[in-house]
> 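Okay, here's the structure, questions in a sec.
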Amino acid sequence: MIRETFPVGPLACNCTILADERSGEAIVVDGGDGVEEVTARLERNHWRAKLLLHTHAHIDHIGDVGRLRRETGAPALLHSADVPLYQTLPLQAGWLGLAQAPKVVLLDGDLRDGDVLALGAAEVKILHTPGHTPGSVCFAVAHAEQTALLTGDTLFAGSIGRWDLGGTSMEDIVDSIRAKLLPYADATPVIPGHGPFTTVGMERGMNPYLQ
Ligand SMILES: [Zn+2]
Ligand SMILES: [Zn+2]
């Protein structure tokens with residue numbers, strides 16, 4: 001399996017493409033603010049997106065998913081608890097001062113805690129981690145004994161996501177990290193939704209919110 005992570009959009013959201021070399025099938029995580037970049041990478045590598053996954057419904061992660069879906073033909077999934085937040089895209093665009101809000105579309109399905117999606121020999125497990133938003137999820141990507149965590153805006157290197165954006169608390173986000181992410185081994189790479197990569201061990205030992 002190949003993993004490419006690159007920042008997209010004005011808020012530099014870390015978008016990740018997971019690709020199975022053998023079949024050319026790919027999963028795009030948080031590509032909604034990087035339609036051009038994502039489609040260019042898919043084309044260049046001859047990958048076919050089979051799923052568009054989202055860690056949560058903030059505009060920098062899901063934004064123009066309607067257009068990304070049209071370009072790739074892949075279904076777009078989001079945790080159901082974040083669908084109401086997704087429907088506030090015009091409001092979120094206003095907060096960022098964007099002249100034009102991306103179009104809200106009907107999504108194709110739910111991301112449920114514990115579900116496992118296959119990509120060739122790799123598996124992507126859904127971990128519901130409410131706190132940053134009610135429907136925030138992380139993805140545990142396992143391949144050949146190696147697991148990496150895509151943590152969205154739940155866990156950052158040395159920090160955690162905001163919890164003051166509606167309906168959640170700092171306890172929620174810390175509880176989610178302790179219950180769903182810290183059980184992974186220290187060496188597990190963590191790819192946050194913004195900023196540098198880290199590991200579970202680094203965050204267990206150094207993250208001020210987890211001490
Ligand atoms: Zn966010
Ligand atoms: Zn974000």
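Predicted model, so just to flag it, every value in this text is computed and none were measured. Index from 1, following the sequence. Counting convention: from 1, in listed order, for ligands and their atoms alike. These numbers come from the heavy atoms of this one structure, side chains and all, not from hydrogens, waters or symmetry mates.
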> Does Asp164 pair with Arg162 as a salt bridge, N-O distance under 4.0 Å?
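Arg162 and Asp164: salt-bridged.
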> Looking at Asp175 and Arg178, does any basic side-chain N land under 4.0 Å from a carboxylate oxygen?
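Looking at Asp175 and Arg178, the cut-off is not met.
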> Tell me if a side-chain donor or acceptor on Arg204 pairs with a main-chain N or O of Leu182 at a distance below 3.5 Å.
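Side chain of Arg204 to backbone of Leu182, a donor-acceptor pair under 3.5 Å: yes, one is there.
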> Starting from the Zn ion (ligand 2), count all protein N, O or S atoms within a radius below 2.8 Å.
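Step by step: take the Zn ion (ligand 2), keep protein N, O, S below 2.8 Å, and you get 4.
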> Without hydrogens or angle criteria, can the side chains of Glu71 and Thr39 be said to hold a donor-acceptor pair below 3.5 Å?
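Note: Glu71 and Thr39 side chains miss the donor-acceptor criterion.
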> Of Ile191, Thr55, Leu117, which meets side-chain contact (heavy atoms from CB on, under 4.5 Å) against Phe139?
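Output: one option passes, namely Thr55.
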> Name each donor-acceptor pair under 3.5 Å that joins a side chain in residues 58-65 to protein atoms two or more places apart or in another chain, with its distance.
| unit_1 | atom_1 | unit_2 | atom_2 | d |
| --- | --- | --- | --- | --- |
| His58 | ND1 | His56 | NE2 | 3.2 |
| His58 | ND1 | His132 | NE2 | 3.0 |
| Asp60 | OD2 | His194 | NE2 | 3.0 |
| His61 | ND1 | Asp30 | OD2 | 2.9 |
| His61 | NE2 | Asp153 | OD1 | 3.2 |
| His61 | NE2 | Asp153 | OD2 | 3.1 |
| His61 | NE2 | His194 | NE2 | 3.3 |
| Asp64 | OD2 | Arg67 | NE | 2.9 |

> Return the name of the atom in His132, of element N, O or S, nearest to the Zn ion (ligand 1).
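This turns out to be NE2.
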